[in-house]
Amino acid sequence: MLPDQIDSLSALFRDAAAAIIHARAGELGDQTLPVPAVTLERPKQAAHGDLACNLAMQLARPLRLNPRALAEDLVRRVAERDASEDGAGLIAGLEIAGPGFINIRLSASARLAPVAAVLREGEGFGRNRRGQGRPALVEFVSANPTGPLHVGHGRQGALGDALSALLEANGWAVSREFYYNDAGAQIANLALSVQARARGIEPTDERFPADGYRGDYIADIARDYLARRTVSAERIEPVTAAGDPDDLDAVRRFAVAYLRNEQDRDLRAFGVRFDNYFLESSLYADGRVEAAVGRLVAAGKTFEEGGALWLRTTGYGDDKDRVMRKSDGGYTYFVPDIAYHVTKWERGFARAINVQGSDHHGTIARVRAGLQALGAGIPEGYPDYVLHKMVTVMRGGAEVKISKRAGGYVTLRDLIEWSGGAESQAGAGRAAEDIIARGRDAVRFFLISRKADSEFVFDVDLALAQTDENPVYYVQYAHARICSVLAASAERGGPGEPEVLAALAASADPATLLAPLQGARELALAARLAGFPALIAQAADELSPHSVAFYLKDLAADLHSYYNAERFLVDDPALRLARLALLLATRQVLRNGLALIGVSAPERM
């Protein structure tokens, strides 16, 4: 049922219960009995109706009534009110089962109302305003600018962007943020690695930095640095290489800009955009790290031991206190994280969500403890975290662990190109942009198709398969099938999308136009459409974008079953119009759901 239908049906039972409680007031004495929350659930067996209510079971004991007798009273009152002139006409029948459960059968108009609602609301179907325009910040990817993005970053990108879209669909004003870890030892190692390659020192040479980066991309950076090329990236000024291998600071600036540019290009190919880029180095340059440490010291939340400064995190649920400033004067990695999250709060983001790898689990308690210890009014549990586990890439039946360009890992670009058909027969003759588009769809769908906290095996061969086993192909094919039916109808001079929508808009009672839809598969498809708004709300509440992928696969299965069982371009014009309307509504919800997870809805496959 649609959310407003559920509200109306719940109100019928709530009002009936209130009337019964009022009628029993004299026998209850001074006892005040509130009406419990009305719970409507789907029965385990479809034969028992569309919904079930246990309100009689909840109220029987406090009202001192037999639950079955109470159920009979509730049924009578609810049926009378629903059938009255101002009733919604939602109910076709009410049955009492067992000791007092009430099974509800919905009217035909109620079961088909979602079809008209989808076609009326279009792209807005499923969206709500629960967020009330409040700001929310989602931080994701946040890769070090020390190499190409890997498949783990891809999973973050898919999760973070889909989660952002879900929050937007629930009325939040979302900002997508990328936090660049552009300070620390890793950046120093990057600069030394590029400097060594610029001097002609190979990774196999003993003079190469022990902790250096050995992928082929380091040689690419060194070559462009020596050629004095200019590179640019999002929100930074272009950087022109000095060309001097001895100028380590110039090498560092160019290498960071070069890799930021490459990461930007990969993210664009992945269909992921950001509203803001935040540099870790700015926290030091602006004095925010020192200020945060100073406030913690002033608040008495720290102590010194062994030449190091410690934070008393055990006072905030951590299993032991943590070092903030090491004996050599350097800060541990969670200290700038505390300062960074203070900026999120100060920028007005009362809701902040971090999408990170599960290797960050240990920092959660430390960052939250630091924020609490500051006494800045930041609530407990700030920020929220969505942690994902690793991705294993399989190709040709074997695990792929190495990329020639990156060295020790598979890059996001590799995965997109492989999944789009590059280097395979599936991509023969395809334009480069087509390969990227197809690969993007496959990778984005696959990477959110499991719960974030579960490990995922990405099978490239499955991503290329044009079979029902490939989930993204299965869902997109459902959309394309609907498009083909609508095109065939128009070619034969029958109603197309404009005519179907015009007929519904002109009708004083759309339910009458949809009344020919009486088949079990048609009603099941309409019921699936009705569940989309609740799914969007729940997925946002639970920070679970995988729920959208699950729903889309179920909706596609319903459509394929319907398509294989029925004809749509039948001779009966009323039945033909109604079935085309159902197809149009299904296509719209497929589009809406795919858009949330950043996947296209092709009209041909």
Trainee: Yes or no on side-chain contact (heavy atoms from CB on, under 4.5 Å) for Lys553 and Val475, after CA distance, side-chain angles and deciding distance?
Mentor: CA-CA 6 Å; Lys553 286 187 284 187; Val475 173; 4.1 Å; yes
Trainee: Looking at Arg14 and Val35, would you say the former's side chain and the latter's main chain have a donor-acceptor pair under 3.5 Å?
Mentor: no
Trainee: So, taking the atom named OG in Ser142 and the one named CG in Asn354, what distance separates them when rounded to the nearest 0.5 Å?
Mentor: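 So the OG of Ser142 and the CG of Asn354 are separated by 7.5 Å.
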Trainee: With sequence neighbours left out, write down each residue that passes salt bridge (Lys or Arg N to Asp or Glu O under 4.0 Å) with Arg105, or none if nothing qualifies.
Mentor: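 Scan of Arg105 (salt bridge (Lys or Arg N to Asp or Glu O under 4.0 Å), adjacent residues dropped) gives Glu95.
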Trainee: Is a salt bridge present between Arg322 and Asp319, judged by a nitrogen-to-oxygen distance below 4.0 Å?
Mentor: yes
Trainee: Please work out which of the three classes, parallel, tilted or perpendicular, describes the rings of His546 and Phe550, given edges at 30° and 60°.
Mentor: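 The rings of Phe550 and His546 stand perpendicular, inter-plane angle above 60°.
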Trainee: In terms of the angle between their ring planes, are Phe458 and Phe446 parallel, tilted or perpendicular, with boundaries placed at 30° and 60°?
Mentor: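 Plane angle between 30° and 60°, so tilted.
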Trainee: Is any side-chain heavy atom of Asn128 less than 4.5 Å from a side-chain heavy atom of Pro533?
Mentor: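 SC-SC contact between Asn128 and Pro533 ruled out.
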Trainee: For Thr314, is there any backbone N or O sitting under 3.5 Å from a side-chain donor or acceptor partner on Asp321?
Mentor: yes
Trainee: Are the side chains of Arg134 and Phe349 in contact, using a 4.5 Å heavy-atom criterion?
Mentor: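 Contact flag for Phe349/Arg134 side chains = no.
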Trainee: Looking at Ile378, is its backbone amide N or carbonyl O close enough to the side chain of Gln372 to form a donor-acceptor pair, meaning the two atoms are under 3.5 Å apart?
Mentor: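 Here the side-chain-to-backbone pair exists.
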Trainee: Which value, rounded to the nearest 0.5 Å, describes the distance between Thr363 atom OG1 and His360 atom NE2?
Mentor: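 Reported value, rounded in 0.5 Å steps: 6.0 Å.
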Trainee: Could you tell me how the ring of His341 sits relative to the ring of Tyr385: parallel (under 30°), tilted (30 to 60°) or perpendicular (over 60°)?
Mentor: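 Geometry flag for Tyr385 against His341: tilted rings.
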Trainee: Identify whether the distance between the nearest side-chain nitrogen and carboxylate oxygen of Arg347 and Glu177 falls below 4.0 Å.
Mentor: yes
Trainee: Mind running side-chain contact (heavy atoms from CB on, under 4.5 Å) on Thr586 and Leu590 for me, showing each step along the way?
Mentor: CA-CA 6 Å; Thr586 303; Leu590 285 168; 4.2 Å; yes
Trainee: What distance separates Ile102 CD1 from Asn54 CG, expressed to the nearest 0.5 Å?
Mentor: 9.0 Å
Trainee: Salt bridge check, Arg450 against Glu455: does any charged N sit closer than 4.0 Å to a carboxylate O?
Mentor: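 Result for this pair is no, no salt bridge flagged.
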Trainee: Using a 4.5 Å cut-off on heavy atoms from C-beta on, say whether the side chain of Leu63 contacts that of Leu59.
Mentor: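 Yes, close enough: below the 4.5 Å cut-off.
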Trainee: So, Arg68 side chain and Pro99 main chain: donor-acceptor pair closer than 3.5 Å or not?
Mentor: no
Trainee: Go through the structure and list residues passing salt bridge (Lys or Arg N to Asp or Glu O under 4.0 Å) with Glu80, not counting sequence neighbours.
Mentor: Arg76
Trainee: Nearest 0.5 Å, please: how far is CD1 in Ile364 from CG in Asp318?
Mentor: 11.0 Å
Trainee: Give a yes or no on whether Tyr562 atom OH has more than 12 heavy-atom contacts from other residues, nucleotides or ligands under 6.0 Å away.
Mentor: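 Counting neighbours around OH of Tyr562, more than 12 heavy atoms of other residues, nucleotides or ligands fall under 6.0 Å, so yes.
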Trainee: Does any non-hydrogen side-chain atom of Gln5 lie less than 4.5 Å from one of Leu90?
Mentor: yes
Trainee: To the nearest 0.5 Å, what is the distance between OG (Ser600) and CZ (Arg591)?
Mentor: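 So the OG of Ser600 and the CZ of Arg591 are separated by 11.0 Å.
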Trainee: Taking side chain to side chain donor-acceptor pair (under 3.5 Å) as the test, write out the residues that go with Asp275, two or more places apart.
Mentor: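 If we apply the side chain to side chain donor-acceptor pair (under 3.5 Å) test to Asp275, skipping adjacent residues, the hits are Arg273.
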Trainee: Answer whether the closest heavy-atom distance between the side chains of Leu555 and Leu529 falls below 4.5 Å.
Mentor: yes
Trainee: Looking at side-chain heavy atoms only, is the closest gap between Leu543 and Leu166 below 4.5 Å?
Mentor: no
Trainee: ring-ring contact (aromatic ring centres under 6.0 Å, His included) between His560 and Tyr474: does it pass, once the steps are laid out?
Mentor: CA-CA 9 Å; His560 289 308; Tyr474 189 65; 4.6 Å; yes
Trainee: If you compare all heavy atoms of Leu513 against all heavy atoms of Ala578, which two are closest, and at what distance to 0.1 Å?
Mentor: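 Answer, listing the atom of Leu513 first, then Ala578: O-CB, 3.5 Å.
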Trainee: What distance do Ser8 atom OG and Ile91 atom CD1 have between them, rounded to the nearest 0.5 Å?
Mentor: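 Taking OG in Ser8 and CD1 in Ile91, the distance rounds to 10.5 Å.
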Trainee: Measure the shortest side-chain to side-chain distance between Ile536 and Leu596 over non-hydrogen atoms and say whether it is less than 4.5 angstrom.
Mentor: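 Answer yes - side chains close enough.
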Trainee: Taking Ser489 for the side chain and Val485 for the main chain, is one N or O donor matched with an acceptor at less than 3.5 Å?
Mentor: no
Trainee: Does Tyr473 reach the side chain of Met605, with side-chain heavy atoms less than 4.5 Å apart?
Mentor: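 The answer is yes, as the side chains (C-beta and beyond) meet within the 4.5 Å cut-off.
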Trainee: Looking at Asp541 and Arg130, is there a salt bridge between them, counting it only when a charged N and a carboxylate O are closer than 4.0 Å?
Mentor: yes
Trainee: Could you tell me whether a side-chain N or O of Arg579 sits under 3.5 Å from a main-chain N or O of Arg567, the two making a donor and an acceptor?
Mentor: yes
Trainee: If only atom types and distance count, is the side chain of His388 paired as donor or acceptor with the main-chain N or O of Lys451 below 3.5 Å?
Mentor: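 Flag not set: sc His388 to bb Lys451 has no pair under 3.5 Å.
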Trainee: Could Arg528 and Asp558 be called an ion pair, given the rule that one side-chain N must be under 4.0 Å from one carboxylate O?
Mentor: yes
Trainee: So, Glu469 and Thr467: side-chain donor and acceptor under 3.5 Å apart, yes or no?
Mentor: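 Yes, side-chain donor-acceptor contact under 3.5 Å.
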Trainee: Heavy atoms only: give me the nearest Lys320-Thr313 pair and the separation to one decimal.
Mentor: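 What the structure gives for the nearest pair is O-OG1, 2.7 Å.
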Trainee: Any sub-3.5 Å donor-acceptor pair from Ser484's side-chain atoms to Arg481's backbone N or O?
Mentor: yes
Trainee: Could you check His479, Glu497, Glu603 and say which one makes a side chain to side chain donor-acceptor pair (under 3.5 Å) with Arg587?
Mentor: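 Per the side chain to side chain donor-acceptor pair (under 3.5 Å) rule, the option paired with Arg587 is Glu497, out of His479, Glu497, Glu603.
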Trainee: In terms of side-chain geometry, is the basic nitrogen of Arg77 or Asp73 positioned less than 4.0 Å from the acidic oxygen of its partner?
Mentor: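 Asp73 and Arg77: salt-bridged.
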Trainee: Could you tell me if Asp441 and Gln476 have a donor-acceptor pair between their side chains, going purely by distance under 3.5 Å?
Mentor: yes
Trainee: Without swapping roles, check the side chain of Glu522 against the backbone of Gln518 for a donor-acceptor pair under 3.5 Å.
Mentor: yes
Trainee: Which atom names give the shortest non-hydrogen contact between Lys344 and Tyr382, and what distance separates them?
Mentor: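 Closest approach of Lys344 to Tyr382, heavy atoms only: CB-OH, 3.5 Å.
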Trainee: Could you tell me whether a side-chain N or O of Arg155 sits under 3.5 Å from a main-chain N or O of Val151, the two making a donor and an acceptor?
Mentor: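 No, the answer is negative, given that no donor and acceptor are paired below the 3.5 Å cut-off.
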Trainee: Heavy atoms only: give me the nearest Glu123-Arg127 pair and the separation to one decimal.
Mentor: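 Minimum heavy-atom separation between Glu123 and Arg127: O-CD, 3.8 Å.
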Trainee: Search all heavy atoms of Ser449 against all heavy atoms of Phe456 and return the closest pair with its distance.
Mentor: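 Heavy atoms of Ser449 and Phe456 come nearest at OG-CE1, 3.9 Å.
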Trainee: Could you check whether Asp50 pairs with Arg111 (Lys NZ or Arg NE/NH1/NH2 to Asp/Glu carboxylate O, under 4.0 Å)?
Mentor: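 Result for this pair is yes, salt bridge flagged.
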Trainee: May I ask you to say whether Arg368 pairs ionically with Glu380, meaning some side-chain N is under 4.0 Å from a carboxylate O?
Mentor: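 No, Arg368 and Glu380 are not salt-bridged.
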Trainee: Does a donor on one side chain sit under 3.5 Å from an acceptor on the other, for Gln538 and Glu542?
Mentor: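 Yes, a side-chain donor-acceptor pair sits under 3.5 Å.
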Trainee: Would you please say whether a donor-acceptor pair under 3.5 Å links the side chains of Asp509 and Thr512?
Mentor: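 Side chains of Asp509 and Thr512: pair found under 3.5 Å.
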Trainee: For a side-chain contact (heavy atoms from CB on, under 4.5 Å) check, start with the C-alpha distance between Leu374 and Trp345, then their side-chain angles and the critical distance, and finish with the verdict.
Mentor: CA-CA 12 Å; Leu374 285 169; Trp345 179 259; over 6 Å; no
Trainee: For a salt bridge (Lys or Arg N to Asp or Glu O under 4.0 Å) check, start with the C-alpha distance between Asp161 and Arg444, then their side-chain angles and the critical distance, and finish with the verdict.
Mentor: CA-CA 10 Å; Asp161 199 46; Arg444 290 197 61 154; 2.7 Å; yes
Trainee: Crowded around Tyr477 OH? As in, over 12 foreign heavy atoms under 6.0 Å?
Mentor: no
Trainee: Of all heavy-atom pairs between Ala581 and Val115, which one has the smallest distance, and what is that distance?
Mentor: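 For Ala581 versus Val115, the nearest heavy atoms are O-CG1, 3.9 Å.
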Trainee: Compute whether any side-chain donor of one residue and acceptor of the other, for Gln466 and Asn470, lie under 3.5 angstrom apart.
Mentor: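 Note: Gln466 and Asn470 side chains miss the donor-acceptor criterion.
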